[in-house]
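Let me begin by presenting the structure, written as structure tokens, before commenting on it.
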Number of protein chains: 2
Amino acid sequence: MSIDGQLPPKARLLRAAAELLANSGGSAVSTRQITQLAGVTAPTLYHHFGDKEGLFDAVVAAGFDEYVAGERDFAPSGQPLEDIRRMWDNHVQFGLKQPELYLVMFGNIRPESRPAIVADAEALMEEMLNKAAVSGQLNVPPKEAARSILAANVGVTLMLIAEKVPERNLELSSMTRDAMIFAVSTEQARDNGSVDSGKSSVVVAAIALNAALQASHSDQLSSSELKLFLEWLHRISTS
Amino acid sequence: MSIDGQLPPKARLLRAAAELLANSGGSAVSTRQITQLAGVTAPTLYHHFGDKEGLFDAVVAAGFDEYVAGERDFAPSGQPLEDIRRMWDNHVQFGLKQPELYLVMFGNIRPESRPAIVADAEALMEEMLNKAAVSGQLNVPPKEAARSILAANVGVTLMLIAEKVPERNLELSSMTRDAMIFAVSTEQARDNGSVDSGKSSVVVAAIALNAALQASHSDQLSSSELKLFLEWLHRISTS
DNA sequence: CAGTTCATATAGCGTTGCTATAGGTGCTAG
DNA sequence: CTAGCACCTATAGCAACGCTATATGAACTG
């Protein structure tokens, strides 16, 4: 029920805050919960961190180190765009694994502290994109590309977090990811890269028919037939 | 200093909450502020809206009406993808114009009571994408495309809101927007912005799918399923 | 006119983030 | 060794928060 160890109070506060934040399940975390779990009283918190937000910022800083460590774990593969892709996935995974922490880092917009984190994440991605640019794989300046990709990455992750777990469809992530990477890369990079959006004409046609059927009320099929028909159509569309 | 008019208390509460939310400058808005500005006492608020969140939801609903009105203001241009583009821009403008309201609507992600707003916005976009799909301009099922585009749209808007006004670079928006639209559209749609309008129909789509299925061997359906599927397809095609 | 329902007010509960004040601890200077 | 000092932590409590048990008036209905 309490974080004891022989750690100094400051570390215990950090650990307690991180733990409560990770397990809060979305509800707010109070300073009293934190101080109680840390086995400390209120003034100690404010002595070390100034205020609640200061404590959270410290937690976020630690969380960001972990995030960066994850991003750096992949040795550069020689294919910068492939690295960007893994970076994206790592970002999403980080968000889904620690949603509360992620929300504090990227979701909660506090005009003051947020940009720092975002700027760091942006720099990390820009650095990688720079390599792509050097080898002529980039269609846009790395800085703009990084901002754009990161914005989409955050948007996707927030949307996935907001969804209930069983409904989460990671295709949303991979699809958006490939779209963004495709858009910033040169044709040269697309050819030898593994980004292919080559959809068969079957899929395109199925999608079109599906939409057309939704729009118009055809009476060529009975309702039960139509139901099964649409189901198959969807199966083809999402292949 | 108070919203009087002769409006009923419920409307005054709504107006007061909206006003405070719009001018709060990021800081929290308390029920006491709201009730005081509305010239009402606490129980009135809870009688009409249940709780604070209920009131905010109501404000959001009103805000969403405004949002939708903006989205619908554009008469369909006959070029669905162009409409999607304007939809994107309208979304961003809405966010920048009313950042606090926007944050309540799209930013503040409460994993549980995720505002139905997002779903509504998604539906709105899906509806538009459906038109694109009907005329064969879509590479992906409309539903998935809508989610993906909206996620990126929200991500970009949040990032722009988080930036200080003088630093805001709207190119981030247009670039990401075009990347997403490009990614979900077919080559056909990219070449001539306007495809044969109105000509597409269930029949045309069915014929196209039929032909496409004959040409390629999809393995999404079993042979018996495929047989029945093709039969239905034929029935639709010859109606 | 009695009864019921709706709408608002009085007053206050429990919790929140935070702090004024004071006391204990370990260090260094004389 | 001790006096003084800086650092750290605890006691106690404030103002503001979201919210509610209860009561009162108004308006409609039989």
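Every chain is numbered from 1 and lettered A, B, ... according to where its sequence line falls, protein lines coming before strand lines. Both backbone and side-chain heavy atoms feed into the values below; hydrogens, waters and symmetry mates do not.
Side-chain proximity of A/P9 to C/dT10, D/dT9, C/dC18: nearest is D/dT9.
Atom C1' of nucleotide C/dT16 and atom NZ of B/K52 are separated by 12 Å, given to the nearest angstrom. When the P atom of C/dA9 is taken as reference, atom CD of B/Q36 falls 13 Å away, rounded to whole Å. The CZ-P distance, from A/R32 to C/dT15, rounds to 9 Å in whole Å. A/Q33 places its CD atom 6 Å from the P atom of C/dT16, with the value rounded to the nearest Å. The CZ-P distance, from A/F56 to C/dT16, rounds to 12 Å in whole Å.
Between the side chain of B/T35 and the backbone N or O of B/R32, at least one donor-acceptor pair lies under 3.5 Å. Under the 3.5 Å distance criterion, the side-chain polar atoms of B/T44 are left unmatched by any main-chain donor or acceptor of B/V40. A distance-only check finds a donor-acceptor pair linking the side chain of B/S185 to the backbone of B/I181 [under 3.5 Å]. In this structure a side-chain-to-backbone donor-acceptor pair under 3.5 Å is present from B/K52 to B/V29.
When heavy atoms are screened at a 4.0 angstrom cut-off, B/S30 is found touching the sugar-phosphate backbone but no base atom.
Scanning residues 42-50 of chain B for heavy-atom distances under 4.0 Å to DNA chain D yields B/A42, B/P43, B/Y46.
Between A/T31 and the phosphate of C/dG17, there is a side-chain N or O to OP1/OP2 separation shorter than 4.0 Å.
By the neighbour-count criterion of 12 heavy atoms within 6.0 Å, atom CD of B/E171 is sparsely surrounded, having that number or fewer from other residues, nucleotides or ligands.
Outside the 6.0 Å centre-distance limit, the rings of B/Y102 and B/Y67 are not counted as a close aromatic pair.
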